[in-house]
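The figures here come from the full heavy-atom set of this structure, side chains too, leaving out hydrogens, waters and symmetry mates.
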Amino acid sequence: MSTGMSERDPLGHPVYRNMPTTIFEKMSARARETGAINLGQGFPDAQGPEEILRAATDALLTRSNQYPPMAGLAELREAVAAHYARHQGLDLSPQEVIVTSGATEAIAASLLALVRPGDEVLVLAPLYDAYLPLIERAGGVARVLRLTPPEWRIGRQALAAAVTPKTRFLLMNNPVNPTGIALREEELALLAEFCVENDLIAICDEVWEHIAYDGIAHRPLIGFPGMRNRTVKIGSAGKIFSVTGWKVGWMCAAPPLATLLARAHQFITFTTPPHLQWAVAEGLAKPERWFDAMRAAYQASRDRLVAGLRGAGYVVNSSAATWFVTVDLPASGIDMDDVAFCERIIDEAGVAAIPISAFYPAEPVTHLVRLCFSKADEILDEAVARLAAFRTSLT
């Protein structure tokens, strides 16, 4: 049967034609096949907060299941604006909030709406793997600023060297997956100054904004001087409420930007399930103590996994945010790269992890492995026991 294409034209868009399955899906599939404990892909092993699940159930049964407004239910847009006013001191209006089907859709809509062919987008590596194909599919060109462990610092000189006359955007993640770093105040101020000086729009992937530990408070880039009208702020209910499968996100921006974002969004997913939107609106109105308790529970899980791994002889880097920690292989006395280690522990230890090299488009760091700690205590303890036995088997 004819594909409708000439023989000399390969099937499919070049951005996606030769693209492999993501490392997260690959490792999760291996975990399912082998029965390994999945500390690779970042999702909790619990259902999520019961009261939020019940709010979604109630809305599904008693409220509308037809198309909600394209930009999102008024209740959720109002809740997002009020939430950020209360928690981050922002002055967003509900009209500046566009609800999306997950944060990845918000990133895609932002890039498709704003990037013109040939525009350069500055990204900081290691980076979320969706960034590059979305930039390229929008017609943009990625300018990669490579950060290095263990500090992962952003410096003025490196930023200046990365920008060209064609650079129009900064796409950044804070707190940072996979490193677990929360950008420092001085780094955020530097990025804001850099955007203003170079007339850049910042697309800020802040899905981990509530998942920071040890008393660290999230500072959104949109709140820094000069950034209010040149920032797209992206959030995720899936991360805040530990319901990653819901795929409810949002993007916030000043009206001229928000109008463009909505036009792209309307032709991607158009809208998001209304019962989930009503439930998320209720969740965002929860008192501060609810968010404190959520963070404390995840911090306890982080500390449990870190203590267990260190007790087993692994060197674990500090993690200030997200659901992830990284293990330094050579410092732990392990003579193999991150990909080889991850492949071996699935088969030999029954634990799935993610190699940090997967987060680099070029010149990867190859000695770090990411582990997810948003799991039950008994799962973390069993994973530690298996990894301890694996390390012992190497000596």
Between the side chains of [X] and [Y], is a donor N or O closer than 3.5 angstrom to an acceptor N or O?
X	Y	result
D303	Y213	no
D338	T366	no
Y128	T104	yes
R63	H275	no
E96	Y84	no

* Asked: Does some side-chain heavy atom of T271 sit less than 4.5 Å from a side-chain heavy atom of Q277?
  ->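 A side-chain contact under 4.5 Å exists here.
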* **Sub-4.5 Å side-chain heavy-atom contact between F373 and R304** =>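 Contact flag for F373/R304 side chains = no.
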Salt-bridge test for [X] and [Y]: reply yes if a basic N is under 4.0 Å from a carboxylate O, no otherwise.
X	Y	result
E209	K239	no
D119	R116	yes
R302	D214	yes
R386	E348	no

For the side chain of [X] and the backbone of [Y], is there at least one donor-acceptor N/O pair under 3.5 Å apart?
X	Y	result
T272	K247	no
D58	L60	no
R77	V97	yes
T167	T164	yes
D328	L368	no
S357	P364	no

* Might you work through the side chain to side chain donor-acceptor pair (under 3.5 Å) test for N177 and T322, ending with a clear yes or no? => CA-CA 7 Å; N177 172 21; T322 75; over 6 Å; no
Return a table of donor-acceptor pairs under 3.5 angstrom between the side chains of residues 181-190 and protein atoms on other chains or two or more places apart.
residue: R184; atom: NH1; partner: E151; partner atom: O; Å: 3.3
residue: R184; atom: NH1; partner: E187; partner atom: OE1; Å: 3.2
residue: R184; atom: NH2; partner: E151; partner atom: O; Å: 3.0
residue: R184; atom: NH2; partner: E151; partner atom: OE1; Å: 3.4
residue: E185; atom: OE1; partner: R219; partner atom: NH1; Å: 2.9
residue: E185; atom: OE2; partner: R219; partner atom: NH1; Å: 2.5
residue: E186; atom: OE2; partner: R153; partner atom: NH2; Å: 3.1
residue: E187; atom: OE1; partner: R184; partner atom: N; Å: 3.0
residue: E187; atom: OE2; partner: I154; partner atom: N; Å: 2.8

* Nearest heavy atoms of I52 and A279, plus distance in Å ->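 The answer is O-CB, 3.7 Å.
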* Asked: Should we say atom CG of D347 is surrounded by more than 12 heavy atoms from elsewhere, each under 6.0 Å from it?
  ->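 Counting neighbours around CG of D347, more than 12 heavy atoms of other residues, nucleotides or ligands fall under 6.0 Å, so yes.
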* **Set of side-chain contact (heavy atoms from CB on, under 4.5 Å) partners for P220, sequence neighbours left out** =>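 Expected list: Q88, L90, E206, H218, I222, K233.
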* Asked: For the residue pair W208 and F324, does the interplanar ring angle fall in the parallel (under 30°), tilted (30 to 60°) or perpendicular (over 60°) class?
  ->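 Ring orientation, 0 to 90° scale: perpendicular.
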* **Partners passing ring pair (Phe, Tyr, Trp, His ring centres under 6.0 Å) against F241 (at least two apart in sequence or in another chain)** =>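 Ring pair (Phe, Tyr, Trp, His ring centres under 6.0 Å) check on F241 returns W290.
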* CG of L122 to CG of L159: how many Å apart, nearest 0.5 Å? ->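 Taking CG in L122 and CG in L159, the distance rounds to 6.5 Å.
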* Go through the steps for E25 and R30 under the test salt bridge (charged side-chain N to carboxylate O under 4.0 Å, His left out), then give the verdict. => CA-CA 8 Å; E25 180 59 26; R30 290 285 311 279; over 6 Å; no
* Say whether L191 and I201 are linked into one hydrophobic cluster, either directly or through other cluster members, by side-chain heavy-atom distances under 4.5 angstrom. =>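 Hydrophobic grouping puts L191 apart from I201.
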* **Joint hydrophobic cluster, V306 plus L387, side-chain heavy atoms closer than 4.5 Å** =>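 Result: yes, single cluster for both.
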